[in-house]
Amino acid sequence: MKTIGILGGTFNPIHYGHLRMAQELADDLHMDTIRFIPAANPPHKNAVAISAEHRASMVGLAIGNNPHFMLDKRELNRNGTSYTIDTLLSLRAELGNETSLTLFMGSDAFTQFNTWHRWQEILQHCHIALVQRPHTNKNQAGNPLPKILEDFLHAHYTENGEDLQSSAAGYITMRQVTALDISSTAIRAAFKQHVSTRYLMPDSVIDYIKSHQLYK
Ligand code: ATP
Ligand code: MG
């Protein structure tokens with residue numbers, strides 16, 4: 001079965017936390033391709049000042065030299081709020097039901113998963129691979145999991161990566177990746193304060209931000 005990883009996010013901007021997590025999960029779970037899917041209008045964030053086109057361009061630059069990574073702009077081609085369930089249905093319509101899809105997610109995103117639009121349907125269309133994000137107040141990684149998600153996690157949990165390769169959807173797994181305490185929030189603040197962001201993100205993305213005068 002073909003195996004595809006999906007990393008959705010605002011990517012405002014993309015950084016090595018995203019890239020390294022995607023690479024390690026891809027290796028660990030033997031994925032053929034990872035699709036980076038920037039959210040056009042993310043439901044959980046106030047209107048994002050940087051356009052979706054800029055955020056997608058930065059993703060494109062960051063992943064450009066990795067043949068296993070691809071930029072998927074389907075959420076930019078839809079109007080309204082960017083819901084993951086719609087993205088999964090659109091991927092299924094394109095790829096069919098015989099492909100294994102795995103949504104990558106940091107622990108901070110998962111603690112709010114039960115607030116996502118039609119969240120209980122999501123696992124019918126993909127697996128979920130969770131990674132621990134280093135604890136900081138900024139990204140809420142320290143929040144405990146609500147009971148409803150605790151139960152959801154246990155009902156679908158597997159430690160065996162092969163389960164995700166041999167079926168199309170339905171499992172949740174947790175994997176260890178190198179802990180990188182990097183966030184877009186901290187990077188945006190650094191640009192504002194004229195503090196260097198080198199080695200937190202690719203130089204190509206830093207150059208793009210400077211030439212387009214983003215995060216001023
Ligand atoms: P912001 O600070 O603006 O929220 P962010 O750094 O959290 O940005 P997002 O685009 O919100 O980046 O994250 C997209 C996905 O990547 C989420 O599932 C998030 O948990 C995960 N992620 C982001 N940064 C890291 C990191 N350093 N390590 C592991 N996962 C990460
Ligand atoms: Mg975030």
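Count residues from 1 along the sequence. Counting starts at 1 for both ligands and their atoms, in listed order.
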Tell me whether I182 has any N or O atom under 3.5 angstrom from an N or O of ligand 1. yes
N/O separation below 3.5 Å, R133 to ligand 1: yes
Just checking, is any N or O donor in the side chain of T115 or H44 under 3.5 Å from an acceptor N or O on the other one? yes
Between W116 and Y83, is the gap from one ring center to the other below 6.0 Å? no
For H18 and ligand 1, does the shortest N/O to N/O distance drop below 3.5 Å? yes
Looking at ligand 1, does any of its N/O atoms fall within less than 3.5 Å of an N/O of F11? yes
Look at the side chain of H212 and the backbone N and O of L214, then say whether any donor-acceptor pair between them is shorter than 3.5 Å. no
List the atom pairs, donor and acceptor, that lie under 3.5 Å between side-chain atoms in residues 188-196 and the rest of the protein, sequence neighbours left out.
from	atom 1	to	atom 2	distance (Å)
R188	NH1	N12	O	2.8
R188	NH2	T185	OG1	3.2
S196	OG	R198	N	3.1

Give yes or no for whether the N/O distance cutoff of 3.5 Å, strictly under, is met between S184 and ligand 1. yes
I'd like the name of whichever of H44, K45, H15, M105 reaches closest to atom 4 (O) of ligand 1 through any heavy atom. K45
Matching residue for P38 among T10, L71, I14, L7 - test: side chain to side chain contact (heavy atoms under 4.5 Å, CB included): L71
Below 4.0 angstrom from a heavy atom of G8, which ligand 1 atoms are there? Numbered from 1 as shown, please. 14 (C), 15 (C)
Check this for me - ligand 1, G106, N or O atoms closer than 3.5 angstrom, yes or no? yes
Does T185 reach ligand 1 with a nitrogen or oxygen that is under 3.5 Å from one of the ligand's nitrogen or oxygen atoms? yes
Under 4.0 Å, heavy-atom basis, I'd like to know which part of R20 is in contact with ligand 1: side chain, backbone, both or neither. neither
Considering both backbone and side-chain atoms of S107, is one of its nitrogen or oxygen atoms within less than 3.5 Å of a nitrogen or oxygen in ligand 1? no
Sequence neighbours left out, cut at 3.5 Å: what donor-acceptor pairs do the side chains of residues 47-54 make with other protein atoms?
from	atom 1	to	atom 2	distance (Å)
S51	OG	H54	N	3.1
E53	OE1	K73	NZ	3.1
H54	ND1	Y208	OH	2.7

